[in-house]
Structure formats: structure tokens, C-alpha cells
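Heads up: the structure comes next, in C-alpha cells.
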Number of protein chains: 2
Amino acid sequence: MTPVNLKSLAEQLNMSIATVSRALRDSHEVSDATKARVRALATALNYEPNAYASSLRRNLSKTIGVVIPKVANHFFALAINGIEEAARQSGYHVLIYLTHDDYAREVSIVQHLKGGRIDGLLMSVASGTEDFAHIKSLQETNLPIVFFDRVCAEVATAKVTTNDYESGYRATEHLILAGCRHVAHLLISNNLSIGQFRQQGYLDALQAHGLTPDPDLVLHGVMDNEQNVALIRELLLRRPDIDGVFASVERLAISTYHVCKELGRRIPEDVKIIGFSNLEAAALLDPPLSTITQPAYEIGREAAKILLRAVEKKKAVLPAQSIVLESTLFERRSTASE
Amino acid sequence: MTPVNLKSLAEQLNMSIATVSRALRDSHEVSDATKARVRALATALNYEPNAYASSLRRNLSKTIGVVIPKVANHFFALAINGIEEAARQSGYHVLIYLTHDDYAREVSIVQHLKGGRIDGLLMSVASGTEDFAHIKSLQETNLPIVFFDRVCAEVATAKVTTNDYESGYRATEHLILAGCRHVAHLLISNNLSIGQFRQQGYLDALQAHGLTPDPDLVLHGVMDNEQNVALIRELLLRRPDIDGVFASVERLAISTYHVCKELGRRIPEDVKIIGFSNLEAAALLDPPLSTITQPAYEIGREAAKILLRAVEKKKAVLPAQSIVLESTLFERRSTASE
DNA sequence: TTTATTTACGCAAACGTTTTCACCCGCCGT
DNA sequence: ACGGCGGGTGAAAACGTTTGCGTAAATAAA
């Protein structure tokens with residue numbers, strides 16, 4: 001079977017490769033008659049241009065990369081959904097890479113991306129990442145980058161996030177208004193701005209309602225869920241006065257549920273819980289979990305749109321293009337007052 | 001800034017492009033001394049080979065494609081996780097495409113994939129797909145394809161699935177042994193082998209326990225969740241004798257929970273429910289949901305491994321490489337007998 | 001010493017596409 | 001009649017890499 005490429009098409013049509021190429025790209029400098037002939041044969045033979053030859057020549061790949069910590073998490077899954085949608089609409093392909101929150105892996109992935117494989121990058125940085133040299137170095141190759149959710153303050157580019165400060169504030173306030181006096185905050189130990197914002201919202205809400213923040217009530221979770229359960233168990237046992245838990249991460253809310261069941265703490269009577277979460281089944285949990293839910297799909301889609309606009313214009317992504325989308329607080333039984 | 005490619009490296013090192021290329025690929029026909037010099041400069045300048053030039057020349061892209069219905073679903077998210085892991089270990093990149101269970105979109109995606117962008121394809125077909133010409137046509141370009149979960153019987157290639165028949169049988173039997181006499185089966189309307197196997201398991205389990213299958217108890221769900229809720233509500237109202245529900249799809253189990261709450265049917269006292277699901281929070285639902293859980297991560301990883309083996313050997317994927325992984329039945333309160 | 005054989009490297013052709021440049025031809029205006 | 005113009009086309013270079021082949025020097029075999 002002879003390959004179907006520009007050359008073979010040109011031979012069968014008795015014209016030059018150049019004309020065939022131009023006809024297929026609908027160039028104005030080829031007659032309508034020839035265009036028709038070319039297109040007819042192309043579709044008949046199911047011609048599909050070789051992506052790599054085109055990418056090599058034009059120095060663009062019609063592909064964007066997505067680097068995220070994990071995919072088995074409803075937030076990121078929804079974000080990918082939004083990204084894929086935006087990319088598809090613009091005729092772009094999506095390469096996906098998982099860091100598993102591992103710094104070394106993130107560095108390795110980013111390094112590989114310098115091969116020109118992608119025209120732009122969407123990224124949610126690993127929680128352990130403290131040095132951003134690899135990202136900056138990638139940016140210096142003129143590759144447009146847009147961060148979403150787990151943004152990196154040190155790199156000047158567009159960022160798509162949710163109103164993390166307000167969300168932390170509102171979640172905490174919600175617990176206080178439901179009667180909590182000793183509110184714990186569970187977060188993932190990292191130096192990402194996102195965690196800091198939520199923490200600040202938590203602190204300010206406490207103060208605004210006349211409660212004194214207690215560092216002992218702030219628990220920094222780790223990667224391993226088993227360890228988190230142990231940490232939370234230890235916290236709840238050490239501080240039986242805790243009557244409210246604000247989990248900045250879905251997994252930590254789930255772990256808290258497990259610990260409460262194990263220790264016989266009733267939700268919401270003994271402990272009220274609210275957590276950041278995109279879990280579809282939150283309303284079906286026992287009891288239904290109050291959540292701060294981020295517009296994950298929209299975040300992904302908006303981030304991709306911003307990136308693609310920059311890619312198409314072949315210019316860097318402007319920090320000014322950053323946007324903040326609002327999360328929604330869903331009140332459910334886990335924070336019900338009597 | 002001059003580009004850092006083979007030519008620039010060669011100039012700086014005063015040797016030919018060919019030698020530089022061979023040195024970097026660790027060819028035996030270049031001396032250790034030159035290899036060292038080349039590698040030193042390459043790492044110093046952060047050289048990364050142009051992926052597209054390489055792909056074009058070698059006619060392989062070190063990239064595999066993944067076409068799935070959706071990603072916002074824990075099963076597929078976990079599968080991607082496994083796929084990415086296997087791909088990364090072999091130095092492959094992963095392109096992802098979502099069909100949203102839309103046949104036209106699937107066809108369009110598969111057509112685009114003929115551009116040589118990928119070396120192999122992992123696929124879980126859309127539920128609405130009935131014609132497989134697009135897939136066969138892609139396969140005829142000698143592209144290795146491996147199906148996972150939602151396999152396509154008409155195409156001869158490797159498939160990775162779970163023991164769907166046995167799972168359907170065991171789930172149904174589990175309900176019967178818990179005391180159910182009128183077991184409904186909720187599935188997604190499609191002609192995929194996977195659904196048929198589960199349905200057959202359901203039927204055989206009924207017969208094996210002396211119950212007569214009733215077509216009226218088999219409900220074919222649709223894409224839209226609202227409609228499914230309506231369908232299930234109608235079914236439970238029309239057949240108040242239903243005391244067991246086997247949901248072949250996670251979403252249908254969740255919808256059944258909603259309907260039961262709405263209608264005041266108690267789970268498991270009035271209706272027992274078991275469903276295929278990879279939901280992490282199944283144990284935290286109210287009541288905890290009994291599940292048949294597929295080894296999603298392993299499915300993805302195994303499928304990717306089989307595909308990559310075929311890709312590396314540049315030969316078609318053999319149907320004989322198909323494997324079946326076993327699902328696990330988790331007994332929880334939603335199917336507890338008194 | 002002469003003749004094979006190996007070792008280390010360079011030349012140049014591919015891969016399929018895009019694009020610059022030149023070309024031919026027919027047509028207009030003068 | 002002639003210069004100019006523009007629409008339509010082709011030849012060929014480029015993108016960066018890989019690789020078959022050739023070749024010189026160095027080594028081994030005769």
C-alpha cells in the first residue's frame with residue numbers, strides 16, 4: 001500500500017506538491033477548480049496530513065501540555081474535562097502528565113517539555129515544589145504557561161484560581177455561625193499561595209468573630225492517607241474541645257469522617273465538618289458533607305482559553321490575564337446546628 | 001539567542017552533526033572520548049532534541065493516544081493514572097481525547113489520529129457506537145490498538161477487561177442471598193459486550209436460584225442523569241415489589257439512592273442496592289454502598305503495557321494478549337440482611 | 001611488507017510539510 | 001507593440017533529526 005501523502009496526491013493529480021499543499025490549506029493563490037480536484041481526491045483517499053512534518057516545518061505542534069499532581073481526584077478530572085473541551089474547539093491536542101506531587105518528577109517532565117513537543121503549558125504545581133527554576137527555564141524558551149489552582153507566585157504569567165481567601169473565610173465563618181468555638185483547620189503542608197490564602201481566611205474569620213486563633217488547631221497533612229488518619233485521630237483525642245473542622249483538602253475531610261466514626265464522635269452534633277470538595281456524592285455521605293466547591297470545569301476551560309489565545313498570537317501570556325472564579329458553599333447536614 | 005540543536009552543538013564541538021547525534025544516542029561507533037565531550041556540552045546547554053524532527057525521521061512519536069468517554073469518572077481517572085504510569089516508565093507521552101459518549105466525536109477523533117501523531121491507541125469505546133468502521137480503518141494503517149473495559153468485539157485486537165459475567169452473577173447472587181426476590185438490573189443502553197456479559201450474569205444468577213427473569217425489571221438508562229432519576233422513580237413506583245437493585249453503572253446506583261430517599265424507601269430494609277463503582281467514598285455513603293469494584297488502575301496499566309510491547313516490536317497487537325482482571329465485591333450496609 | 005579488518009567519523013539523503021521565489025501566460029492600459 | 005501586472009503554478013530550500021554509505025586511519029592478520 002503506497003503511503004498517502006502530498007507527493008502521492010500530487011502524482012495522481014499531475015500537479016506539484018506545492019499546489020496540493022496550498023489547495024488543502026485553502027490558499028487564495030490556487031484556482032477553485034484545482035482546489036476542488038485536490039479536495040476530492042484527498043477525501044477519497046482519506047488523506048490526513050502528517051502531524052510531525054507539519055509541526056517541524058511550522059514550528060508549532062497544535063498541542064498543549066497539562067501537568068497536574070494527579071488525575072484520580074474529581075477536581076483535576078473536571079479541570080481536564082474543561083481543558084479538553086477548549087482545546088478540541090480550537091483544534092488542539094492535549095498531552096497529560098502526572099507529577100504525583102513529586103518534585104523530582106515534575107522537574108523531569110518539565111525538562112522533557114523543552115523538546116518543542118507542545119505550544120503551551122497548563123500547570124498545577126506539585127505541593128512539594130519549592131524551587132521554580134525548572135519552570136522559569138521553560139518559560140525562557142518562550143513557551144506560554146498558564147497556572148491553574150495550584151499556582152506559583154514566583155513565575156510571572158497568567159493564573160486561574162478560585163477566591164481562596166474568601167472561601168476559607170466563609171467556610172470558617174459558617175462553622176462559627178453554626179455554633180463552633182474551637183475550629184480546626186486541616187491543610188496540606190505546602191508553601192503554595194493557595195494554601196496560605198485559605199489559612200489567612202480561616203484566621204481572619206476567627207478574629208472577626210472574637211475567637212483567638214490557636215496554632216495547635218492547625219494540622220498539616222501529608223501525602224499518605226493512613227498517616228493523615230493517625231494525625232487527625234491524635235488531634236481529636238488531644239483536643240476533645242474541637243467542635244468544628246475546616247478541611248482545605250477533600251481527602252482530609254474524608255479522613256476526618258473515618259476518624260469520627262472510629263472515635264464515636266457524632267457529626268454534626270459533636271463535630272461539624274466542612275471541606276473543599278468536588279465530590280459528586282457529597283450529598284449522599286453519612287451525613288451529607290457541607291462543601292466549598294470549586295468550579296473545576298470552568299477553571300480548566302478558562303485556563304485553556306487564556307493559554308490558547310496566547311499561543312495563537314505567538315506571544316507570552318500576560319499576568320494581567322489572570323482571573324479568579326468563585327467557589328460555592330453548599331450547606332449540608334455535616335454543619336447543621338441543632 | 002541561537003537555537004540549541006544538533007547543528008549548533010556540532011559547530012561548537014568542531015565535529016559533524018552525525019557524530020553528535022550518534023554520541024547522544026550512545027551509538028557504538030563513536031569513541032568514548034567524543035561521547036563525553038558531546039554529552040558535557042549538551043547538558044551544559046540544556047539540549048533537548050526536537051521531538052518532531054525525530055518523530056518525522058524515525059516515523060514514530062513516542063506518544064500513545066487514549067480515547068475514552070469521559071474523565072470525570074473515577075474508573076477512567078484511575079485507568080489514566082495506570083496508563084500514564086506505564087507510559088512514563090517506557091518514556092512515552094500520553095495524548096488524551098474525550099468522546100463524551102458521542103459517536104460523531106469519536107469518529108472525528110479517530111480520523112485525526114491517522115496523522116501519525118501516535119504510535120498506539122488505548123480505547124474505551126463510546127456507549128453509542130455501533131459502527132466500527134472508523135476503528136477498523138485506523139487499524140488498517142498498522143496502528144496498534146488495545147481496548148480496555150468498553151471493548152469492541154468486532155475488532156480483532158487485545159482487550160483488557162474485568163470478569164463482567166462473573167461480576168454480574170455474583171452481584172445478583174449476593175442480593176438474592178440477602179433475601180431479595182425481585183431484583184432489578186439497571187444498565188446503560190448499549191450493545192457493548194461488557195453490558196451484555198453483566199446482563200447474562202444477572203439472568204443466570206436468577207435462574208440458578210429459581211427466580212424467573214422479568215424483562216420489566218431491566219432498565220436501560222440514558223446519558224442524562226435527570227432522565228435516569230425519572231426512569232428509576234417510575235420503575236420503583238410501577239413495581240413496588242422490587243426489593244433489590246443491581247446497577248451496572250455507578251451513576252445509576254447514585255440515582256437510585258436519590259430516588260429511594262425521595263420515595264421514602266429505606267436502604268437496605270426496603271430495597272437493597274449494589275452497583276459497579278470505583279467511588280472512593282462508597283463506604284461513607286448513607287448507607288454505605290455495596291460495590292463491585294474494578295481494578296481500574298491495573299486495567300489501565302496492563303492495557304498500556306500490552307500496547308507498548310506491541311509498539312516497541314512494531315507489530316500488531318495480538319488478540320491472544322487479551323487479559324481479564326478480577327473485580328472485587330465489597331459487602332456494605334446497602335445490601336445487609338436484617 | 002602487504003592485505004584484511006576494525007574503529008571513528010563525515011557526507012548527504014531521506015522523512016512530509018510549508019513557503020519563498022521565480023516563472024509563464026494572458027490581459028490591461030498606453 | 002510593448003511594458004506591466006496579477007493569477008496560477010512549480011522548483012527547491014528549509015525545519016532538525018536519523019542513518020546508509022563511504023573513507024581515512026589504525027590495528028590485526030597474512
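Keep in mind the model is a prediction, meaning the values are calculated, not measured. So that the names make sense, note that chain A is the first sequence line, chain B the second, and so on, each numbered from 1. In what follows, every heavy atom counts, from backbone to side chain, and hydrogens, waters and symmetry copies are set aside.
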Subject >> A:R22 or A:L6, whichever maps to the more 5' nucleotide of DNA chain C >> reply: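 With A:R22 and A:L6 compared, the 5'-side residue is A:L6.
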Subject >> DNA chain C: 5'-proximal contact among B:A18 and A:S54 (nearest heavy atom) >> reply: B:A18
Nucleotide [N], atom [atom2] - distance to [atom1] of [X] in whole Å:
X: B:N59; N: D:dT18; atom1: CG; atom2: C1'; value: 12 Å
X: A:D32; N: D:dG7; atom1: CG; atom2: P; value: 13 Å
X: B:E29; N: D:dT19; atom1: CD; atom2: P; value: 11 Å
X: B:L24; N: D:dT18; atom1: CG; atom2: C1'; value: 12 Å
X: B:K62; N: D:dT18; atom1: NZ; atom2: C1'; value: 15 Å
X: A:I17; N: D:dA12; atom1: CD1; atom2: C1'; value: 10 Å

[X] (side chain) donor-acceptor with [Y] (main chain) under 3.5 angstrom:
X: A:T141; Y: A:L138; value: yes
X: A:S193; Y: A:A153; value: no
X: A:Y47; Y: A:N5; value: no
X: B:S27; Y: B:E29; value: yes
X: A:E106; Y: A:A126; value: yes
X: B:R150; Y: B:V125; value: yes

**OP:** Using the heavy-atom set of chain B and a strict 4.0 Å cut-off, write down the first and last nucleotide of DNA chain C that makes it in, 5' to 3'.
**Re:**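 Listed 5' to 3', the contact boundaries are C:dA8 to C:dG16.
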**OP:** Taking only heavy atoms on the protein side, list every residue of residues 34-42 of chain B lying under 4.0 Å from any atom of DNA chain D, sorted numerically.
**Re:** none
Please determine if a side-chain N or O atom of [X] lies less than 4.0 Å away from the OP1 or OP2 oxygen of [N].
X: B:S21; N: D:dT17; value: no
X: A:Y52; N: D:dT18; value: no
X: A:T19; N: D:dG10; value: yes

Subject >> Residues in side chain to side chain contact (heavy atoms under 4.5 Å, CB included) contact with B:H100, at least two apart in sequence or another chain >> reply: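 Per chain and number, B:H100 pairs via side chain to side chain contact (heavy atoms under 4.5 Å, CB included) with A:N81, A:E84, A:E85, B:L98, B:R105.
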Taking the side chain of [X] as its heavy atoms from C-beta onward, which of [options] lies nearest to it?
X: B:Y47; options: D:dC21, D:dG10, D:dT17; result: D:dT17
X: B:R58; options: D:dG10, D:dC21, D:dT18; result: D:dT18
X: B:R57; options: D:dG10, D:dT9, D:dT19; result: D:dT19

Subject >> Any B:Y52 side-chain heavy atom under 4.5 Å of A:R58 side chain >> reply: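 The answer is no; the side chains never approach within 4.5 Å.
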Original post:
Should A:I83 and A:I64 count as side-chain neighbours, where that means a heavy-atom distance under 4.5 Å?
Top reply: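 Sidechains of A:I64 and A:I83: in contact.
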